[in-house]
Number of protein chains: 2
Amino acid sequence: MTKRITIEDVANQAGVSKSTVSQYLNERFDYMGEKTRMKIEKVIKELDYQPNVIARSLKKKSTSTIGVIVANILHAYSTQVIRAIENVCNENGISTIICNADDDSEKEKNYLETLLSKQIDGLIVIPTSGNLEMYNKLISENFPLVFLDRIVDGLDSDTVLLDNKKASELAVDCLYENGHEKIAIVTTSLIDNVTPRVERIQGYKEALKKRHIQINQEYIKGAELSLIKQKLTELFTLSEPPTAIISGNDLTLMEILSYTFDNGIKIGKDIGLITVDEVSFAAIHTPPLTTIVQPTIDMGTKAAEILLEKINNKQTKNKPTIYRYDPSLIVRGSVERVGDRID
Amino acid sequence: MTKRITIEDVANQAGVSKSTVSQYLNERFDYMGEKTRMKIEKVIKELDYQPNVIARSLKKKSTSTIGVIVANILHAYSTQVIRAIENVCNENGISTIICNADDDSEKEKNYLETLLSKQIDGLIVIPTSGNLEMYNKLISENFPLVFLDRIVDGLDSDTVLLDNKKASELAVDCLYENGHEKIAIVTTSLIDNVTPRVERIQGYKEALKKRHIQINQEYIKGAELSLIKQKLTELFTLSEPPTAIISGNDLTLMEILSYTFDNGIKIGKDIGLITVDEVSFAAIHTPPLTTIVQPTIDMGTKAAEILLEKINNKQTKNKPTIYRYDPSLIVRGSVERVGDRID
DNA sequence: CTGAAAGCGCTTACAG
DNA sequence: CTGAAAGCGCTTACAG
């Protein structure tokens with residue numbers, strides 16, 4: 001490979017010092033002679049010179065790069081939020097490095113270490129529930145860090161969250177208004193104490209109470225993705241099966257749809273269905289799916305904005321804030337009550 | 001923020017020189033005393049020292065990072081291929097920086113420049129059709145570069161491609177066997193001369209010829225995504241509308257499904273449908289969708305493997321190779337011929 | 001208005 | 001077996 005052009009080549013060619021070329025690159029034109037500037041500009045064009053960002057970063061102790069670690073990229077939520085973060089960063093000349101922890105704290109830890117050794121200027125994380133010490137160390141060092149989607153007990157930093165209780169409430173209310181009272185909620189594993197899942201269950205219970213509906217523990221199912229279908233079998237073989245299901249997220253939804261399809265259970269006829277998270281095919285599904293939409297763009301944008309703010313004002317250490325965002329309901333179908341209503 | 005620990009801190013604390021610590025970090029234990037090694041190991045643990053990758057990269061002139069630029073991340077193909085690339089790279093201790101050109105050559109150019117200034121060791125690209133000069137410069141410098149999914153005229157480098165003609169042939173044959181002869185093909189814009197689109201049209205024509213079916217230019221529709229529905233209206237208002245449609249990719253499919261849904265056209269009843277690209281809901285759609293699946297994992301893996309090979313053997317300059325991958329057909333429904341057959 | 005010098009945190013030939 | 005020195009390609013106070 002041909003040798004890369006360096007600042008020294010430019011300096012020699014232009015007949016000035018490296019310092020002056022550097023001033024030019026950093027747009028410190030205050031005291032620079034018109035001719036000098038023109039000369040440098042010309043040589044840079046001629047040589048097609050591109051500054052070495054690595055060298056600059058080493059000296060400046062800032063890489064203009066942030067890391068983003070998401071717990072699981074398979075959630076549409078993650079990809080949408082990432083897109084929003086990238087947009088904000090691009091507008092501000094910041095690069096992003098995206099990492100997918102794959103729901104694995106060990107992987108998350110490796111990415112954390114890699115990102116830090118790459119000297120990133122800040123970090124946005126949808127955390128797994130591990131690595132408390134590492135995060136707390138970063139927080140105590142005042143390292144720019146923003147959490148997204150989840151709160152982990154014992155970690156106190158700025159966090160952008162959905163109003164998860166409201167999401168459940170919207171779902172319960174919509175189903176109730178369509179005549180459902182036997183409402184189940186199915187979501188991926190609860191073991192990890194992950195905020196959205198826990199809060200959505202909590203919101204579900206509160207919404208039922210408000211409607212004076214008895215909470216039935218058998219209607220609350222949490223399991224890892226591969227076991228969801230098993231849980232659905234449990235639900236449908238109850239002596240009093242639910243007439244409607246709330247799906248906790250998009251991946252859970254796919255399991256439910258696959259299960260009902262395989263078993264000839266008709267959505268909106270045999271069972272009401274509503275899901276948290278928008279999916280691409282909601283409107284063209286038979287029947288169209290009623291969904292609870294997260295403002296992913298707003299949430300990602302906010303997280304990025306907070307982070308950039310923190311990076312720019314490292315000295316000031318504000319009290320951590322939690323930013324809550326409202327979900328919204330898109331009624332499309334799939335929630336009708338057709339069977340007998342027992343009341 | 002607290003001062004970061006450097007190699008010097010470790011050296012001082014361990015009572016050895018920076019050189020020796022560096023030897024340790026690079027696992028050059030050949031001549032290192034047992035005690036020295038233990039001492040350094042202990043201090044690194046104690047101080048929780050993480051080497052500064054930026055400094056190392058500057059000296060080594062290698063960043064162990066590759067860039068990946070995809071033309072449009074909204075295609076499921078892109079995200080799947082990216083995942084495969086990341087897997088290979090992770091296994092080899094290589095980081096990846098993902099960029100989405102958003103079908104915009106200007107954006108692609110900016111990403112190219114940014115990535116190069118970040119001193120990436122290699123690059124995998126699903127190219128737009130611009131930036132010929134930049135790519136050719138890289139190729140002439142023997143910079144490790146692999147193209148994916150598309151060939152751009154005038155660019156000669158290793159490329160991983162689908163056998164696009166075969167994809168069309170599979171589609172035509174499947175529809176024909178289900179009684180269709182009036183087969184349309186709809187895909188996103190042809191303006192850009194993008195390989196898959198062009199080859200798929202070509203393969204479509206050849207497959208029809210082989211079946212002795214007259215090619216009807218009115219059955220061939222290419223337009224950018226936002227105009228697809230308009231093209232569908234044109235198709236369906238023909239005096240002899242097609243009885244089946246081949247969708248060129250997943251995003252086109254969404255437009256077709258949205259259009260048929262809105263207009264009460266029943267897939268598999270009023271119109272046969274087959275699409276290139278697998279979609280998450282294919283199996284649970286009503287009716288289940290017949291798809292032509294690309295071996296995205298294999299293709300991404302191959303691209304990454306070729307690239308890593310190139311990075312490791314920079315001296316040898318092989319003749320560029322094109323690697324073709326076979327699509328496969330998953331028959332699920334949506335292709336039945338119900339209307340009158342004119343023959 | 002411009003340049004010489006020091007230094008960012010590493011690695012690596014080389015000396016001993 | 002270990003260390004002093006040079007250098008990767010930049011930036012930045014400071015001198016003039």
Side-chain angles (χ1 to χ4, degrees), chain A residues 1-41 43-44 47-65 113-114 116-121, chain B residues 1-41 43-44 47-65 113-114 116-121:
Chain A
M1 214 172 112
T2 351
K3 195 189 151 298
R4 290 213 159 279
I5 310 291
T6 72
I7 198 171
E8 189 155 21
D9 301 322
V10 176
N12 290 339
Q13 186 85 12
V16 297
S17 75
K18 292 191 292 174
S19 314
T20 307
V21 178
S22 180
Q23 312 279 26
Y24 174 90
L25 294 174
N26 291 283
E27 298 182 336
R28 298 188 162 195
F29 298 132
D30 323 21
Y31 299 106
M32 193 175 294
E34 172 79 354
K35 281 157 285 173
T36 313
R37 180 171 36 173
M38 305 272 282
K39 225 172 8 182
I40 296 174
E41 191 172 339
V43 172
I44 286 179
L47 299 183
D48 194 19
Y49 167 68
Q50 287 276 30
N52 181 327
V53 167
I54 296 289
R56 171 180 294 168
S57 297
L58 180 60
K59 183 66 196 172
K60 281 203 164 180
K61 291 167 156 287
S62 141
T63 51
S64 293
T65 302
E113 285 172 349
T114 306
L116 291 173
S117 67
K118 279 176 180 283
Q119 314 298 118
I120 50 165
D121 293 342
Chain B
M1 215 172 111
T2 350
K3 195 186 151 297
R4 290 213 161 278
I5 310 291
T6 73
I7 198 171
E8 190 155 20
D9 301 322
V10 175
N12 291 339
Q13 186 85 11
V16 297
S17 74
K18 290 190 294 173
S19 316
T20 307
V21 178
S22 180
Q23 312 279 26
Y24 174 89
L25 294 174
N26 291 283
E27 297 181 338
R28 298 189 161 192
F29 299 133
D30 323 20
Y31 299 107
M32 193 174 294
E34 171 79 354
K35 282 157 285 174
T36 313
R37 182 173 32 171
M38 305 272 282
K39 223 170 11 180
I40 296 174
E41 192 172 339
V43 172
I44 287 180
L47 299 182
D48 193 18
Y49 168 68
Q50 287 278 30
N52 181 326
V53 168
I54 296 289
R56 171 181 293 168
S57 296
L58 180 59
K59 182 66 195 173
K60 281 204 163 178
K61 290 168 156 288
S62 143
T63 51
S64 294
T65 301
E113 285 171 350
T114 306
L116 292 173
S117 67
K118 278 174 180 285
Q119 315 299 117
I120 50 164
D121 294 342

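In what follows, chains are A, B, ... by sequence order, proteins preceding strands, each numbered from 1. Hydrogens, waters and symmetry mates are skipped; everything else that's a heavy atom, side chains included, is used.
Residue A/A11 comes nearest to A/S17 through the heavy atom pair CB-C, 3.7 Å, listed as atom of the first residue, atom of the second, then distance.
Annotation: side chain of B/K39 is in contact with side chain of B/V16 (closest heavy-atom distance under 4.5 Å). The closest side-chain heavy-atom distance from B/V43 to B/Y24 is not below 4.5 Å. Under the 4.5 Å side-chain criterion, counting only non-hydrogen atoms from C-beta, A/I5 is not in contact with A/D48. Between B/S57 and B/Q119, the closest side-chain pair of non-hydrogen atoms is not below 4.5 Å.
Where A/K35 and A/K18 meet DNA chain C, the nucleotide closest to each residue was compared, and A/K35 sits on the side nearer the 5' end. Mapping B/Y31 and B/K60 onto DNA chain D via the closest heavy atom, the residue that lands nearer the 5' end is B/Y31. For the pair A/P51 and B/K59, nearest-nucleotide mapping onto DNA chain D gives the more 5' position to B/K59. Comparing A/A55 and A/V16 along DNA chain C, the residue whose closest nucleotide (by nearest heavy atom) sits nearer the 5' end is A/V16.
In this structure D/dA13 sits in no base pair that meets the Watson-Crick or G-U test at under 3.5 Å. Pair check for D/dA4 finds none; no Watson-Crick or G-U wobble contact set falls under 3.5 Å.
A 4.0 Å heavy-atom criterion places the boundary nucleotides of DNA chain C facing chain A at C/dC1 to C/dG9, written 5' to 3'.
Nucleic acid contact for A/Y24: none, since no nucleic acid atom lies under 4.0 Å from a heavy atom of the residue. Nucleic acid contact class of A/T6 (heavy atoms, under 4.0 Å, all strands): sugar-phosphate only. When heavy atoms are screened at a 4.0 angstrom cut-off, B/V53 is found touching no nucleic acid atom at all.
The distance from atom OG1 of B/T65 to atom NZ of A/K118, rounded to the nearest 0.5 Å, is 3.0 Å.
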